[in-house]
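Below is one structure, written out as structure tokens; comments come after it.
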Amino acid sequence: MAPRSSVGADTDQQVNRGHKSTKSGRGGREKKKEKRDAKSGNLKDRHNPRAFSVSNIVRTQRNIQRNLDRAQKKEYIPLNDRRAARVEEGPPPLVAVVGPPGVGKSTLIRSLVKMYTNHNLTNPTGPITICTSKTRRITLLECPNTPTAMLDVAKIADLVLLCVDAKFGFEMESFEFLNMMQTHGFPKVMGVFTHLDQFRTMKNLRKTKKLLKHRFWTEIYDGAKMFYFGGCVNGKYLKHEVKQLTLLLGRVKYRPLVWRNTHPYVVVDRHEDITHPSKIEEDEKCERSVAFYGYVRGTNLKEGMKVHLIGVGDYGMVEINALPDPCPVFDKEKESQTLNKKDTKLYAPLSNVGAVSFDKDAVYIDIGRANYTKKENLDLPRNENDDDDNDEDEGTSSDEDDNYDLDAPAGLLKSLQDVKEGVDQKMKYSSLRLFKGSKAVKAGTQNDELEVTTVRNPSSQRRPMQDVYELADSFRRRYNEEGSDDDDDDDSGDEDDNASEGSEDDIDVEDDNLVEGEGDDDASDDESNSSQGTSSDTDNDSSEDEEEQTTAWKTNIAQKAAMNYLRRERSFANLQQLVYGTPGTGSILVSEEEGNNAPVIDDGDEDSDSDDDFFKLRDKSKMSAASSKITGDDRSVAVRDIQLGEDDSSRKIPSGQSGSFDMNAWLEEGEDCLLESIRDKFVTGNWDNGQGDAEEEFDDFEDLEAGERYGPNGEVIEDDDSVAPSGMTDAELREYNAKKKSAQKSEFDEDYDESKKGNVGKDGDQQAENEYIDAIKREKESRLKRNQEEFGVDGETSRLRYEGFRQGVYCRVRIDGIPAEFVESFDPIMPLVIGGLTPQETERGLIRCRFKKHRWHKKILKCNDPLVFSIGWRRFQSIPVFSTEDQNGRYRYLKYTPEHMHCQATFYGPQCPPNTGILAIQRLTGNIPGFRISATGVVLELDASSKVVKKLKLVGTPTKIFKNTAFISGMFNSDLEVSRFEGASIRTVSGLRGQVKKAIREGQPGSFRATFEDKILLSDIVFCRTWVPVEIKNYYNPVTSLLCKSGADGWRAMKPKAQLHVETETPIEVNPDSIYKPIERKTRTFNKLRIPKSVEASLPYSSKHKDETRRKKKSYVSKRAVVMEADEKKKYTFVQAINTIRNEKRAKRKEKNAERRLEKSKETAKKEEKLDAARKARKRQQHRTEGKIEAARERKRIRGS
Amino acid sequence: MTTAAASSSSRTLKYNDGATQFRLRLILSLLSNRPLLLRNIRSDDLDAPGLHEHEASFLRLLDRLTNGTKIEINATGTQLRFKPGVLLGGEVEHTCPISSGSSRSVGWYLEGIAPLAAFGKEPLSLTLHGITDGTSDVDPSPDYLMASFIPFMIKLGIGGDDNSNDGRFPPSIKVSRRGAAPLGGGTVHFYCPIVKELKPLELLNFGKVKRVRGNAISCRIPPSSAARVAHSAKGVLHRLLPDVWIHTDVHSGSRKKANEDAGAGGGCGQSPGLSVMLTATTTEGICLSAECSMNHNLRGGDSDNNNYNQPIERRQMELPEDLGKRSSAMLLHEIHAGGCVDTSCQSFALLMMCLTPEDVSRIRLGPLSQYTIVSLRMYKEALGVEFKLRVDDNSDVQEDQDDDDDDEEDDSGYVKKRKFDQRTVICSCLGTGYRNMARAST
């Protein structure tokens, strides 16, 4: 079909060269034939009618099935990913650099830090958080080369940079680490091959690269990313090589892992020992309280959750606070697409970067490095003089050498140098004007006499404990402001409030208010009452300026209106408060620390959701304010005093309250009765009121008569549609109808198409399946969205209260009772992780798991030898008992693990959800040449008792034997034992089965009567096969590697028996019974069977014993000679002759055969000899070549290294 | 938060107010794996101090359902120490004691066990013997639990399709023999499959009530009275909805007759009783139930059992018609409240929501009952879950319509603002991510 190329008048169109049809060759011929056929009219449309039909039904069917199966396999519902939807909301992903010593891990980190931030880190220790782009940041962590640290890192890393010295090849550590990751959830892994510059020849390099690549791929997956780092300049890798790595780091997608999707954890950036110094002075080994800092990762970290501090132990969190992010992602408002080097942030508190670090309660400045000159007239950007306030949005900036602004730490420091008087003193003179016309509120006017001024100089010196709370408030409030845009900017009072000092006064005030509020309750209605409640708050707040305050707000009408609105708002917010109360008062739990009234988060919440705080001075003591708020409201009093009684009925209304509902109210009839009010809740009622969204477009037309059209039994839906909207012109009406009709039509079409598609069969199935999976995915997405939206609206503090500390929040966790050894032996290079535990995981019990000795581990594992397990967050030593599941479901005890098979292990330890991976290591310390990981497994079941049993054969001997009955002794020791086993089946060695009957008095205690299916012999051994439960030793010894200077080396572990034997040089004790001795079997001689005469007499003749004595004389028959007749004799001789001939023939044949056999054997021997020689030669050749290859390889190795 | 901080130092849940919310405390102890200490259990009661028989029986039932549980009761029974173990499930049979004084019905036990049932090692198949009917003002009846609790459990994915390796059947409660209070003698089977974890809940749309079903049960009283109950209940409900169907379930005391219809229920216990249970189903699949039973005048001579063998009308009791009307009024009251579960189910629903995965679960409830409020506080202490409670503005607009009713409301145990009593409460929480750790993986 050659299109005519139209070269014509319209020249502005592009003219393409036309297609030229083939004129010659096969194509041309066929074209011509086609043309001819078309002309003659016998052109066939399809030449081969079977071309597209199914030629082989079975194969086609299988093909289709296979394709479907493959498609099915590809479908999967992704794991519920609980990580933050947006990268900047989540915590920085943890990039762990792992490898054996000397491969260049630190060099890699140094190069990466230099690449991102242009900062030269001399000694990278601890987690290093860097902003890598506008929206991304990462935490770099180097993994030390100890098994404990490797285990910890495998549990927390989001991306692993596996460093391998290419010159040396893979080392055992790398494989060990890969194995650890496999059991604890496999994060993303990228290979980094270093020392590539040490290869001399290019060919060698290429070959090694290929070799390493394939080995790496078999371990991870085909196509796993890897990087090759050649040279090293100034202690850093070459820039372009690192650049490639950073490019990929920016794009990498992290995998969701099951454990981390269900557990919160904090990788600790740094920690502070906040124990009171005097306490330490008293006792150096006193238990410390330590504050840990880090991003919350995984799921939400909730208050009151138990945590496991890996390497230290289980603790409860005493306190947890959110802190401003030290390394926030870049401000999105700025236009620039990329991140300037100048703006990049580096947060590495353990690597000596930056001199200033901020805490909730202190600012630490490393004076040793900072060297600033004093500068006059340095005023702060805000009018508040709160010392911490300026630095809130600042992390520690990397280079504070010269280019600082006022917000920078350097500027702060200078301002600090200028401080002449304490903050508190300044605060006294500070004033705040809330409204334009209002009188300024002075801080100093508030109870000066109570004030105890404590001059505080922010310095690196630690503070005593009381101050923590005060400063906590200020810090938290600032954080709240950030989060929820709260309006309360008057922090003036909070620095001064010292709960213990102000308490007396506050209590008085509170009581006053209480009385007032109750008096008003009786008099006024609800509305005025609640207003009283709020006003009482304000009253409470300004205890002395009450008069002044009230006059001020009477004048302000706008303010009044706002108050009205807020009151309305608060009536809803109150429900929450009514149920849960304010902390401290709402508890029915008898807590030990009743006096503890520092609920940090909760009164923060009060700040955020009660906006009317805006209109008053901040109170000194929050607690009193809060409690008065509660007591000021009459309803809350009612709620507080709920006494359910001890009946424990969910229905019974407690005494003193009337019935819940009035029956007669519901039975009334009439227009306005109660019954009519809920008519719309029934299908027969009005459908529009409740679900306005469904028919939004019609709402406009019928809003006025909505109530009237629906009678008690009105048909709703038809009615609704058929009634034409009134108040329209004809044209509009027509249009409206047309629209409706078309809508219906399209709807019908859609439905029809859908149903037709569904009928097609496999297509329909496919579709249904896809829809199902899509629906699941959609549901998941909507759930995620819901999670984000539900608590987000109320501001940060209440969000923290409902859902805990979500991931990405930088938090400070205070833990008390940590041994002093932790602080003393802290090594910053060791990863420090706080892992959250679910309540179930805090208890200990028996864990049954599927278990397999690692195939690279040299020896099999012995039952009851201690192993170090790593499960979940924990690593601990315990004593496993191995077992196998028999056919009948019995767990049979095993002495050793099977060599290449799974078995089951049961051990005592902290509980862990089923399907969690387990890793076992025999020895954490010492120089172990081989593969250190002993076994891997997975948790199957948790229980309080185990079902492992061991076979026990009780052996006894018969003392007396009757027919089928025998007295047996030696099996049991007492009659009581026998009675326990009455009816038990027993067996003799010869296989006779029997049963235990009853104990017998006489003889050895514990002897009993037994019956057998046959008479047993006195020499028989009788045994009873039983199963005894195996005791599992409750041994649990957490690997507290962070409590010793030398890590796990200093940790005291239980030693396996073999090791003890070696160390103490005790020989293995031998049970003489267990020694195998040659079995001596006496040949049994059986006496001749004698049958008693009486018996024999009664036997039938055939079975009678025939006693034939030798005859002295020949019998009659034998004495007679036989004379044959002639004819007979002839026959006889003939037969004899024939027999002779036959015998002769047979003898000859035998002889001949023997001869032939001999010949044959000679021949085969000859052949065999030849073959043997050939075989030998071939073998020799083979060994020779193998030897050559080996030698060549050896030579190469020697030459290469 | 303080409580949480306190609990972190010692994980034991300690209560000084005795047996208040006895079952719930034990269950929370089991679910949160925290030991429990109850002090002052009726310590000031001179007649019957310490644990009552039914409470001891409940403890025994829990002991049978678990492995490794330690229960310590002091000599007077006024102090209980409970250390939770692993939940087992399986087939359990239990006889609930019937004492002359305060014996509780089977529903009391079932209501307590229901939150635990799905988290055992094996599916739970529990058979309980005791009182099944006639105590609806105190305890839920098995029929009520079947109508209200079970649909809710199914909504949470218990016995659902995707995680039903172990239990293919949905949970169920079957009454195989009726036994009215006070003598009991009934038998109830409760089956519940196990789950790995629950599904998050989103139950906000009430929909419209499309049908009402019910069951009028009579034991040892003339069969006509059940019909009368059904008739009068229908009379009220027909004013709003045509689709009302109330079964009558008549059990005669005579053994002969009982044998005749052995398939149906096989007779009933010794006491007469009349009760009715109504369930409203909405277009969104929400089931609201209400039940009430004939008021036994227990004050006068409950010790002599002959009293109960007399015909029930002779003892100055509520007329069956009144009972029917009362039940339908109660149902309307539940519908009026506008919650997606009925009032007696609130605390159970909220507890199950606490146990959902770490996703947001939401539910719309009517006015919170006092029991629920106290439960909510306990959930916070034991599980650390604080609900976000917000009054829904959109739920209803009729504010000033029925003032007289409001006053009633105010005095009662419903804690709401006067004006907004018809407003519903949307409770949302982030689940604790509770997983069934007892269940063995293969």
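Heavy atoms only: backbone and side chains are in, while hydrogens, waters and symmetry mates are out.
- Under the 3.5 Å distance criterion, the side-chain polar atoms of B:Arg377 are matched with a main-chain donor or acceptor of A:Val579.
- Here CG of B:Asn67 is found 11.5 Å from CG of A:Leu942. Values are rounded to the nearest 0.5 Å.
- In this structure, chain A has no heavy atom under 4.5 Å from any part of B:Gln346.
- For B:Phe206, the part lying near chain A is the side chain, with the backbone staying farther off; criterion is any non-hydrogen pair under 4.5 Å.
- A distance-only check finds no donor-acceptor pair linking the side chain of B:Glu386 to the backbone of A:Gln576 [under 3.5 Å].
- Contacts between A:Val938 and chain B at a heavy-atom distance below 4.5 Å are absent for every atom of the residue.
- The part of B:Arg362 that comes within reach of chain A is its side chain, from C-beta onward, which places non-hydrogen atoms under 4.5 angstrom from that chain.
- Annotation: maximal heavy-atom pairing with chain A below 4.5 Å, among B:Ala19, B:Ser32, B:Gly68, B:Cys345, occurs at B:Ala19.
- Put simply, CZ on A:Arg786 and CG on B:Leu430 are 11.0 Å apart, with the number rounded to the nearest 0.5 Å.
- The closest donor-acceptor contact from the side chain of A:Tyr580 to the backbone of B:Lys380 lies at 3.5 Å or more, if one exists at all.
- For B:Pro84, no part lies near chain A; criterion is any non-hydrogen pair under 4.5 Å.
- The contact between B:Ser136 and chain A is made by backbone and side chain atoms together, counting heavy-atom distances below 4.5 Å.
- Neither the backbone nor the side chain of B:Leu37 comes within less than 4.5 Å of any heavy atom of chain A.
- With a threshold of 4.5 angstrom between heavy atoms, A:Thr838 does not approach chain B through any atom at all.
- For B:Ser428, the parts lying near chain A are the backbone and the side chain together; criterion is any non-hydrogen pair under 4.5 Å.
- For chain A, the nearby parts of B:Val360 are the backbone and the side chain; heavy atoms of each come within less than 4.5 Å.
- The OG atom of A:Ser650 lies 11.5 Å from the CZ atom of B:Phe348; values are rounded to the nearest 0.5 Å.
- Formation of a donor-acceptor pair under 3.5 Å by the B:Ser344 side chain with backbone atoms of A:Arg651 is not found in this model.
- Ion pairing between a basic and an acidic side chain is recognised when a charged N comes within 4.0 Å of a carboxylate O; A:Glu790 and B:Arg390 show such pairing.
- Side-chain atoms of B:Lys388 do not come within 3.5 Å of backbone N or O of A:Ser798 as any donor-acceptor pair.
- To the nearest 0.5 Å, atom CD of residue B:Glu111 and atom CG of residue A:Asp648 are 8.0 Å apart.
- Partners of A:Asn915 according to the side-chain hydrogen bond (donor to acceptor under 3.5 Å, both in side chains) rule, which considers only residues two or more places apart in sequence or in another chain, are B:Ser441.
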